[in-house]
Amino acid sequence: MNNGDSTVPLLAARDLTKAHGATRALRGASVDLRAGEFLAVTGPSGSGKSTLLHCLAGIVRPDAGSVTYDGERLDTLPEKRLSELRRGDFGVVFQFGQLIPELTALDNVALPLMLGGMPRARAQQRAGEWLERFGATGRQALRPGEMSGGQAQRTALARALVTGPRVVFADEPTGALDSLATEQVMTALTRTAREAGTAVLLVTHDAQVAAYADREVRLDDGVVAAGVAV
Ligand SMILES: Nc1ncnc2c1ncn2[C@@H]1O[C@H](COP(=O)(O)OP(=O)(O)OP(=O)(O)O)[C@@H](O)[C@H]1O
Ligand SMILES: [Mg+2]
């Protein structure tokens, strides 16, 4: 197990390719994420950022190339082991539609804990603390259809972090927030990740958001174009 030796990446993608039909979303993308590191992935719309995040998080299998997590090949892992690993080690905030519409904010955040066997009352208490951390106090009873885009994203972030994952993948988590709310959410995310030693891979269009990262890589047309100093 890699316990934070900063020279060994916790997660490594090598030469990933992935096509959606005729569209070549990834054309040989390589990226490393070290334990506890906060990496921003930027790049123009359609450059493959979400596809790369999905491959790294074990949600989408690449057509070629490899993804290695903690010494284990993710891209060839059987589905059962992969979903265990995703549930235990990863938290994901998707770019679009991710909350369960029938559940309140509180229950959406409590759900991953309950799936892990925690009793409902305790899971809800912890979920409430996480919503508060992301500035969603007083919105706990709302269902996703009643939330603003920003409230939904805060709820999704709280849900991704509530289980204490080793890696959080967040795809445009501040896309629907104004700049004050962005600052509030990014401060909470950065502080929490640092305290818990959680690695963060965050996709963003926003230079204000990328500035929170330790490091930035830019995707261009399905390949990593550059490492950018931040
Ligand atoms: N499910 C899909 N079916 C068909 N094409 C897809 C699918 N998902 C992505 N694509 C295409 O693959 C390319 C890369 O998409 P991707 O969503 O990874 O880009 P992105 O960098 O995240 O863009 P954005 O900044 O707009 O979210 C785009 O041309 C997109 O249209
Ligand atoms: Mg995207």
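The analysis underlying the following values was restricted to heavy atoms, covering all of them including side chains, and did not include hydrogens, waters or symmetry mates. Remember, it's 1-based here, ligands and their atoms both numbered in the order they're listed.
The nearest heavy-atom contact from the protein to atom 14 (C) of ligand 1 is Gly46 O, 3.5 Å. Counting protein heavy atoms only, atom 3 (N) of ligand 1 is closest to His20 CB, 3.7 Å. The nearest protein atom to atom 24 (P) of ligand 1, hydrogens excluded, is given as Ser45 OG, 3.7 Å; this is a heavy-atom distance. Taking atom 31 (O) of ligand 1 as the reference point, the nearest protein heavy-atom neighbour is Thr23 CG2, 4.8 Å. Ranking the protein heavy atoms by distance from atom 17 (O) of ligand 1 puts Ser50 CB, 3.7 Å first. Scanning the protein heavy atoms around atom 25 (O) of ligand 1, the nearest turns out to be Lys49 NZ, 2.7 Å.
Two different hydrophobic clusters hold Leu39 and Leu189 under the rule that ILVMFWY side chains link at heavy-atom gaps under 4.5 Å.
Under a 4.0 Å heavy-atom criterion, Pro44 is in contact with ligand 1. For Ser47, the heavy-atom gap to ligand 1 drops under 4.0 angstrom. Contact between Gly48 and ligand 1 is present, with at least one heavy atom of the residue lying under 4.0 Å from the ligand.
Ring centroid separation for the pair Phe90 and Phe169 comes in under the 6.0 Å cut-off.
No more than 12 heavy-atom neighbours from other residues, nucleotides or ligands sit within 6.0 angstrom of CZ on Arg24. Within a 6.0 Å radius of CZ in Arg126, other residues, nucleotides and ligands contribute 12 heavy atoms or fewer.
Within the coordination shell of the Mg ion (ligand 2), defined by N, O or S atoms under 2.8 Å, Thr51 is absent.
Contact check on Arg61 versus Asp75 returns no salt bridge, with no Lys/Arg side-chain nitrogen under 4.0 Å from an Asp/Glu carboxylate oxygen. A salt bridge between Arg154 and Glu132 is absent, with no side-chain N of the basic residue lying under 4.0 Å from a carboxylate O of the acidic one. With salt bridges taken as basic N to acidic carboxylate O contacts below 4.0 Å, none links Lys49 and Asp171.
Which parts of ligand 1 touch Ala25 is read off a 4.0 Å heavy-atom cut-off, strictly below it: atoms 12 (O), 13 (C), 14 (C). Close contacts of ligand 1 with His205, meaning ligand atoms under 4.0 Å from a residue heavy atom, involve 25 (O).
Contacts with ligand 1 closer than 4.0 Å are made by heavy atoms of both the backbone and the side chain of Thr51.
Asp220 and Ser47 share no donor-acceptor pair across their side chains, judged by distance under 3.5 Å alone.
A donor-acceptor pair under 3.5 Å links the side-chain atoms of Asn108 to the main chain of Thr104, judged by distance alone.
Put simply, atom 10 (N) of ligand 1 has protein non-hydrogen atoms near it, under 4.0 Å away.
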